[in-house]
Amino acid sequence: MTTTSNPLKIGILSFAHGHAQSYASEIAARRGATLAGVWDADAERGRAMAERYATTFYPIEAELLALGLDGVVVASENIHHRRLTELAADSGVKAVVSEKPLATTLEDARAMIDYCAARGVKLATAFPCRHSPAFQRLRAQVEAGALGDILAVRGTNRGTMPGGWFIDLPLSGGGAVIDHTVHVADLLWLLLGKEATEVHAEIGNGFYHEGYDDTGFLTIGYEGGVFATLDTSWSRPKTFPTWGDVTLQVVGTSGVMDLDMFGQQLEHYEDATGRVTWPGWGSSLDGALVDGFLKLCAGEDAPDIATGEDGLRALAIALAAYRAAEAKQVVTV
């Protein structure tokens, strides 16, 4: 892929999304890559991140993109994904990975895909959950026919309300539903191999009673009559031991299988904070995502990483859920 004497040069555009710090850490740990620099609209945060990861902060995007980068990570507020992705594509990089959701509208998501394709740039969507060894084992069992014909799936992606720009609708495009639907929607696509056809959703703000959705429950219909339910709520209080979960229960004609993606955890009792937490252990999903992204940056194939089309497909389900909740009826995807 590359050599340590000629490492891949990666840049990060924005640390608005918390996952950017994980990606930076994973990139810095790879012998075949270097974090060449970062940009952030919040200069104070950008300088702090540059210092933390031993790289350079650039106050203007173009200055970072002029370094001759091989790849760029876009981890800004959702509304800025398109602009920053297109800037990166214009700079001559080989690949861009954008945080999820890919965009806030289907039009912007399609534009990002087409813009990158026209310039020969590989566009990836940051869906680390698909790299979970537990999910990959579940998928292999389903594909081997261990459950017979799949009838239904029950999914959850419940979390802690993140605050900040995530609840600023002009920046985020929505609340809990757009934030958490897309991860499990991507897993369902991989698991079922079928397109979603319709969505019914109940969406509300029953936890925090503010102007953003913190509660979502979706029923998603798929080709062939399979259906899935999904709880996307920000239902975890601040004192909960972990941020949230990703779970699946797959029901087939020959059996049932359950997945708890973040079940590998310890119990940590800390007097300093007066809290009990569940720190996770095991495989790094962000690390697996970064490995796939670096392959794209090196001009290699990375079939396991989510594409822009995968991001668009998942986004369509989330946006359909908002339409369904507003119309109070089932809508087509």
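By convention here, the first residue in the shown sequence is residue 1.
- If you check the side chains of Gln21 and Tyr23, you find no donor sitting under 3.5 Å from an acceptor.
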Side-chain donor-acceptor pairs of residues 90-97 under 3.5 Å, sequence neighbours excluded:
{"unit_1": "Asp90", "atom_1": "OD1", "unit_2": "Tyr115", "atom_2": "OH", "d": "3.0"}
{"unit_1": "Asp90", "atom_1": "OD1", "unit_2": "Arg119", "atom_2": "NE", "d": "2.9"}
{"unit_1": "Asp90", "atom_1": "OD2", "unit_2": "Tyr115", "atom_2": "OH", "d": "2.7"}
{"unit_1": "Ser91", "atom_1": "OG", "unit_2": "Ala88", "atom_2": "O", "d": "2.6"}
{"unit_1": "Lys94", "atom_1": "NZ", "unit_2": "Asp70", "atom_2": "OD1", "d": "3.2"}

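- Arg130 places a side-chain N or O within donor-acceptor distance of the main-chain N or O of Asp304, the cut-off being under 3.5 Å.
- A salt bridge between Asp186 and Lys100 is absent, with no side-chain N of the basic residue lying under 4.0 Å from a carboxylate O of the acidic one.
- Between Leu289 and Ile305, the closest heavy-atom pair is O-CD1, 3.7 Å.
- A salt bridge between Glu107 and Arg82 is absent, with no side-chain N of the basic residue lying under 4.0 Å from a carboxylate O of the acidic one.
- Between the side chains of Ser284 and Glu26, at least one donor-acceptor pair of N or O atoms lies under 3.5 Å.
- Within a 6.0 Å radius of CD in Glu270, other residues, nucleotides and ligands contribute more than 12 heavy atoms.
- When each of Ile12, Ile10, Thr56 is tested with Val38 by the rule side chain to side chain contact (heavy atoms under 4.5 Å, CB included), just one qualifies, namely Ile12.
- Side-chain contact annotation: Ser22 with Asp286, donor-acceptor N/O pair under 3.5 Å present.
- Within a 6.0 Å radius of CD in Glu51, no more than 12 heavy atoms belonging to other residues, nucleotides or ligands are found.
- Taking both residues in full, the closest heavy atoms of Ala320 and Val199 are given as CB-CG2, 4.1 Å, listed atom of the first, atom of the second, then distance.
- Checked by atom type and distance alone, the side chain of Asp40 pairs as donor or acceptor with a backbone atom of Asp42 at under 3.5 Å.
- Salt bridge absent: Glu309 and Arg313 never bring a charged side-chain N and a carboxylate O closer than 4.0 Å.
- Remark: side-chain polar atoms of Arg323 are paired, donor with acceptor, to backbone N or O of Thr332 under 3.5 angstrom.
- Within the 3.5 Å criterion, the main-chain N or O of Pro128 finds no donor-acceptor partner in the side chain of His131.
- A cation-pi arrangement is found for Arg236 relative to Phe240, the charged atom lying closer than 6.0 Å to the ring centre and inside a 45° cone about the ring normal.
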Per-pair distances, 0.1 Å, donor-acceptor, side chain in residues 157-170, under 3.5 Å, sequence neighbours excluded:
{"unit_1": "Asn157", "atom_1": "ND2", "unit_2": "His180", "atom_2": "O", "d": "3.2"}
{"unit_1": "Arg158", "atom_1": "NE", "unit_2": "Asp245", "atom_2": "OD2", "d": "2.9"}
{"unit_1": "Arg158", "atom_1": "NH2", "unit_2": "Asp245", "atom_2": "OD2", "d": "2.5"}
{"unit_1": "Thr160", "atom_1": "OG1", "unit_2": "Trp243", "atom_2": "O", "d": "3.0"}
{"unit_1": "Trp165", "atom_1": "NE1", "unit_2": "Ala16", "atom_2": "O", "d": "3.0"}

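- Using a cutoff of 4.0 Å between basic side-chain nitrogens and carboxylate oxygens, Arg30 and Asp291 are scored as salt-bridged.
- For the residue pair His200/Gln329, the side-chain donor-acceptor check at 3.5 Å is not satisfied.
- Side-chain contact of Thr85 with Ser98: a donor-acceptor pair under 3.5 Å is absent, judged by distance alone.
- Taken from NE2 in His183 to SG in Cys129, the straight-line distance is 5.0 Å, to the nearest 0.5 Å.
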_Test ring pair (Phe, Tyr, Trp, His ring centres under 6.0 Å) on Tyr208 and Trp234; report intermediate values, then the result._
CA-CA 9 Å; Tyr208 296 94; Trp234 286 335; 7.9 Å; no

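- Checking side-chain atoms of Ser172 against main-chain N and O of Gly175 turns up no donor-acceptor pair under 3.5 Å.
- Checked by atom type and distance alone, the side chain of Thr253 pairs as donor or acceptor with a backbone atom of Asp149 at under 3.5 Å.
- Residue pairs meeting the salt bridge (charged side-chain N to carboxylate O under 4.0 Å, His left out) criterion with at least one member in residues 202-227: none, sequence neighbours excluded.
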